[in-house]
Each structure stands twice: as structure tokens, then as C-alpha cells.
Engineer: 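Pasting a structure here, questions to come.
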Amino acid sequence: MRNPFTLGIAQKNDFCNRKKEINDLLQHAKNGDNTVLFSPRRYGKSSLIARIIEQLREEGYLTVYVDLYPITSEQDFISRFSNGIFKGIGRGADTRTIADRLKNIFSRLVPSLEVRPEGYNISARFDRTSQTGLLLDDLLDGLYKYVKKEKLRACIALDEFQEITELPDSKKIEGILRSQIQFHKEISYFYIGSRRRILTDMFTDKNRAFYKSAFSYTLKEIARDEFVPFIEAKFRKTGKVCPSEVAAKIYDTVRGYPYYVQKLSSIAWDITIRKCTDEIVFESYTLLLTMEKTDFEGIWGGLALIQKSVLKAIAKEPTTSPYSREFLERHRLSIGGTQKAMDVLLSRDLIEKDDEGKYRLTDPVMEAWLRE
Ligand SMILES: Nc1ncnc2c1ncn2[C@@H]1O[C@H](COP(=O)(O)OP(=O)(O)OP(=O)(O)O)[C@@H](O)[C@H]1O
Ligand SMILES: [Mg+2]
């Protein structure tokens with residue numbers, strides 16, 4: 001029997017129902033609003049957005065999904081974005097009708113059709129020496145014209161959106177995107193990313209183009225009462241048993257962090273012959289720690305001494321008041337150094353503030369590793 005757990009994008013039966021999130025986000029899209037979707041890495045943003053896009057597509061929306069990781073240049077950005085939009089426009093068309101659909105919409109971007117035995121591939125060609133701004137205007141104007149002409153609604157998801165800030169002329173690109181997007185009520189956008197500080201700055205800094213232009217939505221862990229039965233069912237469907245209190249143990253051990261829940265379940269499933277137990281979960285967790293260790297060591301090695309001390313202190317003792325005298329004394333930290341280090345650790349998303357206002361490590365497994 002194949003291992004029923006997955007570390008990739010969760011699709012179809014691998015997708016544990018995020019009912020509320022799906023509802024909320026669909027609502028934003030249908031209202032024509034734009035949304036920033038944030039969560040730490042591997043929380044399920046891409047899986048969730050794929051669901052949303054699929055749903056909207058079934059309802060007749062023109063949908064576009066673009067992964068901006070990694071973009072290496074402005075041309076690369078234009079190329080990915082326009083390929084995504086061309087594909088969105090072309091969806092459902094055959095080699096004959098696609099040319100018609102794309103005719104007279106764009107002036108600088110030229111559709112390029114590559115026919116293959118299994119279908120065709122559509123992409124955009126353009127003069128690489130053209131100004132990025134002109135190309136972007138052409139792309140978004142063209143899309144808008146098409147949407148209007150066909151009386152459609154559209155939804156565009158830009159995954160790993162923070163990557164555009166890495167481009168040399170990113171401020172200009174932000175400006176052009178914003179000026180186009182704000183007039184297009186028929187088109188809603190999802191900006192998705194895992195770098196909280198960078199995204200927050202983009203959308204809350206008065207001097208930035210995207211200032212207050214989108215709803216902000218933070219994706220949390222998958223709810224316990226959805227994920228625990230999901231784990232049980234996966235075991236059951238593959239002829240094994242995982243009692244609900246053991247499935248809950250898996251969930252709690254990694255704080256419901258979707259990627260780790262899948263990974264820990266997967267390891268436990270491999271070890272389980274027939275029935276999963278607490279001991280198996282414990283053994284699996286030890287294995288998980290060993291697997292993740294190299295990554296953690298890499299991150300650890302890149303930190304300054306004081307950052308290491310603060311990270312370790314927070315791992316050992318998540319706290320609402322890292323600057324209190326007691327906390328600093330207990331961990332032998334200085335106030336000035338701790339403040340600076342906290343800033344770096346927060347901006348790198350190694351630390352986060354939880355719902356109770358407590359600073360803790362974003363990654364529960366790294367936290368356990370540091371406690372050892
Ligand atoms: N709804 C879900 N049900 C079950 N597992 C899920 C769900 N969403 C995500 N996962 C699991 O979580 C992990 C991360 O998923 P995904 O790649 O969608 O997250 P992400 O936030 O886009 O990650 P990244 O920051 O790396 O882009 C995968 O192992 C995936 O199987
Ligand atoms: Mg992703």
C-alpha cells in the first residue's frame with residue numbers, strides 16, 4: 001500500500017478541508033477585492049489558493065496562477081506573468097480558436113503557439129529591450145480589454161509575491177501594478193507570501209504603491225478537529241489504524257503545522273504495521289528531528305552570537321515580555337542586544353507572536369531541536 005501522506009501541494013483527497021478559509025477567500029474574490037494571503041512557510045498557502053482558483057474556474061471565472069519564486073529579472077517577471085495570463089485566456093480553447101482569442105488584445109506581447117502531440121503550449125514573446133513598464137501596461141490593459149469584451153470576471157493569484165521586491169526597479173513595478181489594478185473592478189488579486197515583514201511593509205507603508213489596497217488574511221494552522229479525523233481516515237483507508245488520541249498526539253507534537261503534520265504522519269505510517277501508538281509517534285518524531293537537523297544547522301550557522309542566544313531563550317521559554325528584567329536575567333541577555341536580535345529574528349520570520357501575544361519560534365520542530 002502506498003503511503004497516503006504528502007509533502008507536496010495538497011490536492012483532491014489529500015486536501016484537508018479548510019472550510020472557513022475557502023469561504024472567506026472566495027467571498028473576497030467575488031466581491032472584486034484584493035487580498036494579501038500570509039502565513040509562515042509550508043502552512044498550505046499554495047494548496048489553498050489552488051482550491052480557490054479551481055472553484056472560481058468552475059464558476060466561469062478567468063483564472064490565472066503565477067508562481068514568482070524565483071524570478072531573476074524584470075524580463076523574467078514579465079515573461080512568467082504574461083505566460084500565466086495567456087494560459088488563463090486560452091483555457092479551454094483549441095489550437096484554432098486560441099489565436100482568435102488573443103488577436104488584437106496585446107500590442108507589444110506576441111502570442112507564441114507551440115503545438116505538441118498532447119495539445120499545445122502558449123507563451124508570450126516580446127522585445128527584450130522594451131521597457132518593463134510598457135510591457136506591464138500592455139499586459140494588464142490587454143487582459144482588462146479581454147475581460148470587458150467577454151463580460152467575464154477574473155482572479156489572479158501571484159504566489160511568493162514578495163519576490164518582486166528583489167528586483168532592481170521594484171518600486172516602479174509596484175507603482176505600475178497598483179495603478180492598473182485599482183481600476184479593474186472585474187479582476188481580483190491574491191498576493192501570497194511567507195515573508196511577513198516584507199509584505200506588511202508593502203501594504204502598510206504610506207509611501208508605497210500598494211498602501212491599503214488589499215485585505216490582509218493570515219492563514220493559521222489547520223483546525224485540530226479537521227486534521228485529526230483526516231489523519232485517522234488516511235490510516236483507515238490504507239488498512240491501518242490510528243486511534244484518534246494518537247492522531248491528536250501527532251497533531252499536537254508539531255502544533256498543527258500542516259507540513260510537519262503530514263511528514264510526521266507519513267513517518268509514523270511507514271513504521272506502523274497495523275496500529276499506530278504513542279510510542280510509534282515518539283519514535284517518528286525522533287526521526288523527523290534527525291531529518292530536519294541539517295536545515296536547522298544551516299540557519300543556526302548564519303546567525304550572530306546574540307541572535308543565537310535570544311533564539312535559544314525564546315525556544316526554551318516562549319514569552320510575552322522578552323525585554324522584562326526577569327527574562328533577560330534568566331537567560332543572561334542584555335536589553336540593547338536583545339532588542340536588535342529580536343528585530344532580526346522577527347524580520348526573518350524565525351520568531352512570531354502567537355494569538356496570545358507570546359513570542360515563540362515559528363517552527364515547532366526547530367524549537368524542539370533548540371531545547372535539546
Ligand atoms: N489543506 C491541507 N490539507 C492537508 N495538508 C495540507 C493542506 N495544506 C497544506 N498541506 C500540507 O502542508 C505542506 C505545505 O503545503 P503548501 O506547499 O501548500 O504550503 P505553502 O504555504 O504554499 O508552502 P511554501 O511556503 O513552501 O510555499 C504540504 O506538505 C501539504 O501537503
Ligand atoms: Mg507555496
Side-chain angles (χ1 to χ4, degrees), residues 2-26 35-55 64-71 80 84 156-164 166 190-199 216-238 242 247-248 250-251 253-270 284 288 291-292 295-296 298-299 348-350 352 361-366:
R2 223 182 106 244
N3 191 311
F5 296 98
T6 174
L7 303 182
I9 302 281
Q11 286 169 316
K12 304 200 172 85
N13 292 336
D14 292 332
F15 190 88
C16 170
N17 232 337
R18 283 185 178 272
K19 292 193 196 88
K20 176 165 187 338
E21 292 88 339
I22 293 179
N23 253 331
D24 291 348
L25 296 176
L26 276 176
T35 311
V36 187
L37 177 62
F38 166 82
S39 84
R41 296 231 35 213
R42 298 161 172 177
Y43 252 58
K45 300 176 291 297
S46 298
S47 302
L48 178 61
I49 217 67
R51 260 287 152 110
I52 304 280
I53 290 277
E54 192 183 294
Q55 173 75 32
V64 176
Y65 170 84
V66 187
D67 188 359
L68 296 176
Y69 184 79
I71 39 169
R80 276 168 187 258
I156 300 189
L158 300 174
D159 207 348
E160 304 292 352
F161 186 61
Q162 73 258 340
E163 293 300 309
I164 72 158
E166 298 285 329
F190 284 108
Y191 312 102
I192 303 141
S194 47
R195 300 297 306 279
R196 185 191 292 273
R197 182 73 64 89
I198 302 177
L199 281 173
S216 162
Y217 198 92
T218 302
L219 194 61
K220 303 279 185 194
E221 297 84 0
I222 293 173
R224 197 170 188 270
D225 56 2
E226 283 180 8
F227 225 164
V228 171
F230 174 92
I231 300 169
E232 273 184 81
K234 286 278 179 199
F235 272 82
R236 197 168 48 242
K237 282 188 190 133
T238 47
C242 183
I250 293 181
Y251 181 92
T253 306
V254 291
R255 267 203 244 132
Y257 199 115
Y259 172 76
Y260 287 129
V261 172
Q262 289 273 5
K263 201 161 182 174
L264 187 56
S265 304
S266 163
I267 302 171
W269 188 91
D270 278 338
S284 308
L288 176 66
M291 291 177 188
E292 303 300 313
D295 277 359
F296 299 153
I299 296 169
R348 289 188 52 186
D349 301 301
L350 290 170
E352 64 176 12
L361 260 69
T362 310
D363 187 321
V365 180
M366 185 176 201

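Counting starts at 1 for both ligands and their atoms, in listed order.
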Engineer: Report yes or no: does a heavy atom of G8 sit under 4.0 Å from some atom of ligand 1?
Structural biologist: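 Checking ligand 1 against G8, which is what was asked, there is a heavy-atom contact under 4.0 Å.
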
Engineer: Please list the nearest protein heavy atom to atom 6 (C) of ligand 1 with its residue and the distance rounded to 0.1 Å.
Structural biologist: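 Among all protein heavy atoms, the one nearest atom 6 (C) of ligand 1 is A10 CB, 3.6 Å.
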
Engineer: Out of C16, G44, S39, indicate the one that has the non-hydrogen atom closest to atom 1 (N) of ligand 1.
Structural biologist: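 Checking each option, the heavy atom nearest atom 1 (N) of ligand 1 is found in C16.
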
Engineer: Is it true that D349 and R195 make a salt bridge, defined as a side-chain N closer than 4.0 Å to a carboxylate O?
Structural biologist: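 Yes.
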
Engineer: Give yes if a backbone or side-chain nitrogen or oxygen of Y43 is under 3.5 Å from a nitrogen or oxygen of ligand 1, and no if not.
Structural biologist: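 Right, the criterion is met.
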
Engineer: So, do Y217 and Y191 have ring centers that fall under 6.0 Å from each other?
Structural biologist: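 Between Y191 and Y217, which both carry aromatic rings, the centre distance is not below 6.0 Å.
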
Engineer: Considering heavy atoms of the protein only, find what lies nearest to atom 18 (O) of ligand 1 and give residue, atom and distance to 0.1 Å.
Structural biologist: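 Ranking protein heavy atoms by distance from atom 18 (O) of ligand 1, first comes S47 OG, 2.6 Å.
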
Engineer: Looking only at atom types and distance, does a side-chain atom of K45 sit under 3.5 Å from a main-chain N or O of P40, one as donor and one as acceptor?
Structural biologist: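 Answer holds: yes.
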
Engineer: Can you tell me if S47 has an N, O or S atom under 2.8 Å away from the Mg ion (ligand 2)?
Structural biologist: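 Coordinating: no.
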
Engineer: Nearest protein heavy atom to atom 21 (O) of ligand 1, by residue and atom, and its distance?
Structural biologist: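 Minimum-distance protein heavy atom for atom 21 (O) of ligand 1 reads K45 NZ, 2.7 Å.
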
Engineer: Under 4.0 Å from ligand 1, counting heavy atoms only, is it the side chain of D14, its backbone, both or neither?
Structural biologist: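 The backbone, only.
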
Engineer: Quick check: are there more than 12 heavy atoms from other residues, nucleotides or ligands sitting under 6.0 Å from CG of N13?
Structural biologist: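 Result for CG/N13: open.
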
Engineer: Quick test: of every protein heavy atom, which one is nearest to atom 11 (C) of ligand 1, and how far off is it to 0.1 Å?
Structural biologist: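 Protein heavy atom at minimum distance: Q262 CG, 3.9 Å.
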
Engineer: Taking side chain as C-beta onward, heavy atoms only, is Y43 less than 4.5 Å from I222?
Structural biologist: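 No. Closest side-chain heavy atoms not under 4.5 Å.
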
Engineer: Where do D14 and P4 come nearest, in terms of heavy atoms and distance?
Structural biologist: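 Between these two residues, the closest heavy atoms are OD1-O, 3.8 Å.
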
Engineer: Can you pull out the closest protein heavy atom to atom 26 (O) of ligand 1? Residue, atom name and distance to 0.1 Å, please.
Structural biologist: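 Scanning the protein heavy atoms, the shortest distance from atom 26 (O) of ligand 1 goes to R41 NH2, 2.6 Å.
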
Engineer: Hey, does I22 have a side-chain heavy atom less than 4.5 Å from the side chain of Q55?
Structural biologist: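 Contact flag for Q55/I22 side chains = no.
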
Engineer: Answer whether the closest heavy-atom distance between the side chains of K263 and V254 falls below 4.5 Å.
Structural biologist: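 No, every pair of side-chain atoms sits at 4.5 Å or beyond.
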
Engineer: Taking only heavy atoms of L7 into account, list the atoms of ligand 1 that are under 4.0 Å away from them.
Structural biologist: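 The atoms of ligand 1 under 4.0 Å from a heavy atom of L7 are 28 (C), 29 (O).
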
Engineer: Does any N or O in the side chain of Q162 come within less than 3.5 Å of the main-chain N or O of S194, such that one atom is a donor and the other an acceptor?
Structural biologist: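 Such a contact is found between Q162 side chain and S194 backbone.
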
Engineer: Atoms of ligand 1 less than 4.0 Å from Y259 heavy atoms?
Structural biologist: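 Per the distance check, 12 (O), 13 (C), 29 (O).
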
Engineer: Near S46, which atoms of ligand 1 are under 4.0 Å from a heavy atom of that residue?
Structural biologist: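 Here the atoms of ligand 1 in question are 18 (O), 20 (P), 22 (O).
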
Engineer: Does the side chain of D159 pick up a donor-acceptor pair with the side chain of Y69 at under 3.5 Å?
Structural biologist: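 Judged by distance alone, the side chains do not pair up.
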
Engineer: For ligand 1, find out whether one of its N or O atoms is nearer than 3.5 Å to an N or O atom of T6.
Structural biologist: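 Yes: some nitrogen or oxygen of T6 is under 3.5 Å from one in ligand 1.
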
Engineer: Among all protein heavy atoms in this structure, tell me which lies nearest to atom 17 (O) of ligand 1, with the distance rounded to 0.1 Å.
Structural biologist: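 Result: I9 CD1, 3.9 Å.
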
Engineer: Scan side-chain atoms only and decide if E221 and Y257 contain a donor-acceptor pair under the 3.5 Å cut-off.
Structural biologist: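 No, no side-chain donor-acceptor pair sits under 3.5 Å.
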
Engineer: Select one of side chain, backbone, both or neither to describe which atoms of E160 lie under 4.0 Å from any atom of ligand 1, heavy atoms only.
Structural biologist: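 Just the side chain.
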
Engineer: Among all protein heavy atoms in this structure, tell me which lies nearest to atom 24 (P) of ligand 1, with the distance rounded to 0.1 Å.
Structural biologist: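 Sorting protein heavy atoms by distance from atom 24 (P) of ligand 1 puts R42 N, 3.5 Å first.
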
